[in-house]
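Reviewing the structure listed below.
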Amino acid sequence: MAFKEVAEGLAEMRASVRRFVEDELPPWAQEVDKTGKFPAELMRLLASQGFLGMRLPEKYGGSDMSLAQYCLVQEELSRCHPMFTILMSGTGGLSPMAIAQYGTDAQKDKYLPPLTRGDTRIAFALTEPGAGSDASSISTRATATETGWSISGQKQFISHADSAEVIMVIAVTDPALRARGGISAFLVDKGTPGMEITRVETTMGSAAWTLSEITFDNCKIDKSALLDELGRGFQLASSALTEGRMSVACLCLGAAEKLLEIATAYAKDRRTFGAPLADRQAIQWMLADSATELAAARALVQQTLLDSEDESQIRIKASMCKLYCSEVAGRMADKAVQIHGANGVVRGYEVERFYRDLRLFRVGEGSSEMQRLVIARDLLRN
Ligand SMILES: Cc1cc2nc3c(=O)[nH]c(=O)nc-3n(C[C@H](O)[C@H](O)[C@H](O)COP(=O)(O)OP(=O)(O)OC[C@H]3O[C@@H](n4cnc5c(N)ncnc54)[C@H](O)[C@@H]3O)c2cc1C
């Protein structure tokens with residue numbers, strides 16, 4: 001299809017998603033922030049729009065969206081609250097996509113339909129106390145038994161593990177090989193003896209974003225719990241992260257766009273020294289710089305999505321998108337708070353909430369430094 005047709009189709013889709021988000025989601029955003037929970041009614045509402053399992057095949061109840069469509073929805077949801085996009089990723093993001101792409105038929109039948117209905121969620125457990133940015137140095141060990149595997153070790157900072165029904169666990173299966181074929185992925189059901197959530201923490205962002213510590217103590221699983229081939233866990237996690245980075249880039253883009261609208265409206269409305277803030281050059285420059293950065297971020301994302309047929313082409317660009325959009329959104333949030341004066345730092349104001357939520361995205365899903373490392377390595381290799 002020609003680019004113009006693709007762009008027109010996406011513009012139509014954007015308008016209808018935006019209508020739904022603006023009409024239906026604001027009260028839920030407040031509820032999620034207040035209670036830290038995603039009520040079943042909200043999940044059903046999102047499922048009815050096809051927003052759960054967006055990238056998953058229709059056969060399993062998904063919406064079979066292209067990466068560009070998925071990113072568009074993430075952007076629009078994030079204009080209301082970035083938490084909605086994080087919620088979606090537990091039903092159709094990194095781990096569900098890995099099951100759809102590399103799982104056995106039995107794994108797909110068991111896990112995907114409940115995810116797309118909103119009945120269950122899945123968490124992704126890679127990070128450990130001794131292995132964050134340097135993920136290949138994980139030490140959680142899966143040892144072969146007669147019937148399957150026994151897992152021992154500890155994971156931390158795992159998003160929504162406390163409310164997920166299944167955890168995708170990345171563990172070492174061959175210490176001699178490690179990232180070169182000695183790390184594998186497993187699907188472990190909640191309630192399996194030997195797996196326990198040992199701590200749940202909240203962040204500076206929304207109360208709904210929990211990070212859990214999970215302890216594995218001789219946790220025995222059947223051999224059917226292995227996802228993909230033995231030793232493919234690290235590659236599987238790395239390739240899934242490319243989509244995750246695009247998703248974060250787009251949610252930051254949506255939030256930054258919304259913040260610019262809010263800050264512009266406030267600057268026109270608020271008067272100091274007898275004139276609107278918007279008349280002051282200091283404020284105009286903040287808005288102008290933000291609008292310029294936003295346009296540059298959008299152009300980078302659009303160009304990357306155009307190349308998205310070939311994942312090998314977008315791996316480095318996805319890092320650039322994640323790095324740039326999360327940093328632009330951070331700067332935008334900071335300026336929006338400044339323009340709002342004291343109102344910008346009072347709990348409950350929209351800009352204050354965005355400011356706190358957006359800060360997490362420069363660390364999670366690969367920090368800004370790790371994105372720069374990926375980009376620089378590629379540059380220097382060529
Ligand atoms: C909101 C949130 C959600 C998360 N969800 C999940 C999840 O669902 N599943 C999961 O497995 N993990 C998750 N994580 C963990 C996340 O992947 C790690 O926090 C991240 O990889 C960084 O690891 P670390 O916190 O141990 O920092 P460290 O690796 O200790 O790094 C500390 C700081 O040093 C920098 N740094 C590290 N090495 C270098 C270097 N070589 N050069 C320059 N700078 C460097 C880092 O960028 C960072 O700023 C989440 C984290 C956050 C914040």
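Throughout, numbering of the chain's residues begins at 1 and tracks the sequence. Remember, it's 1-based here, ligands and their atoms both numbered in the order they're listed. For clarity, every value in this text was computed on a predicted model and none was experimentally measured.
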Is there a polar contact between ligand 1 and Phe124, counting only N or O atoms under 3.5 Å apart? yes
How far is atom 3 (C) of ligand 1 from its nearest protein heavy atom, and which residue and atom name does that atom have? Ser159 OG, 3.3 Å
Tell me, please, which residues at least two apart from Glu165 pass salt bridge (Lys or Arg N to Asp or Glu O under 4.0 Å). none
To check your reading of the model: name the closest protein heavy atom to atom 42 (N) of ligand 1, its residue, and the distance in Å. Met370 CE, 4.1 Å
Which of the atoms of ligand 1 are close to Leu211, meaning less than 4.0 Å from one of its heavy atoms? 2 (C), 3 (C), 4 (C)
Salt-bridge criterion met for Arg362 and Glu327 (N-O under 4.0 Å): no
Shortest protein contact, atom 13 (C) of ligand 1 (heavy atom only): Phe157 O, 3.0 Å
Salt-bridged, Lys223 to Glu146, with N to O below 4.0 Å? no
Measuring from non-hydrogen atoms of Trp209 to any atom of ligand 1, is the shortest distance under 4.0 Å? yes
Is the shortest side-chain N to carboxylate O distance from Glu243 to Lys322 below 4.0 Å? no
Shortest protein heavy-atom distance from atom 51 (C) of ligand 1, along with the residue and atom involved: Gly364 CA, 3.9 Å
Exercise check, heavy-atom protein proximity under 4.0 Å to atom 49 (O) of ligand 1: yes
Using the salt bridge (Lys or Arg N to Asp or Glu O under 4.0 Å) criterion, which residues pair with Lys155? Sequence neighbours excluded. Glu128
Can you find a protein heavy atom closer to atom 10 (C) of ligand 1 than 4.0 Å? yes
What is the minimum heavy-atom distance between Gln74 and Cys250, and which atoms define it? CB-CB, 4.5 Å
Does Tyr60 reach the side chain of Leu115, with side-chain heavy atoms less than 4.5 Å apart? no
Which residue owns the protein heavy atom closest to atom 29 (O) of ligand 1, what's the atom, and how far is it? Ser133 OG, 2.7 Å
Backbone or side chain, does any N or O of Ser367 fall under 3.5 Å from an N or O of ligand 1? yes
Nearest-contact summary for atom 24 (P) of ligand 1 - protein heavy atom, Å: Gly132 CA, 4.0 Å
Is atom 32 (C) of ligand 1 less than 4.0 angstrom from some protein heavy atom? no
Tell me, which protein residue and heavy-atom name are nearest atom 43 (C) of ligand 1, and how many Å apart are they? Glu369 CB, 4.1 Å
I want to check something: taking the side chain as every heavy atom from C-beta on, are Met332 and Glu257 in contact at a cut-off of under 4.5 Å? no
Please determine if Lys110 and Asp189 form a salt bridge, counting it only when a charged side-chain N lies under 4.0 Å from a carboxylate O. yes
Side chain Arg271, main chain Gly274, donor-acceptor under 3.5 Å: yes
Using 4.0 Å as the upper bound for N to carboxylate O, is an ion pair formed by Arg79 and Glu261? yes
What protein heavy atom sits nearest atom 20 (C) of ligand 1, and how far off is it? Val363 O, 4.1 Å
Which is closest to atom 17 (O) of ligand 1 by heavy-atom distance: Thr127, Thr210, Ile158? Thr127
Proximity to ligand 1 by part of Asp134, non-hydrogen separation under 4.0 Å: neither
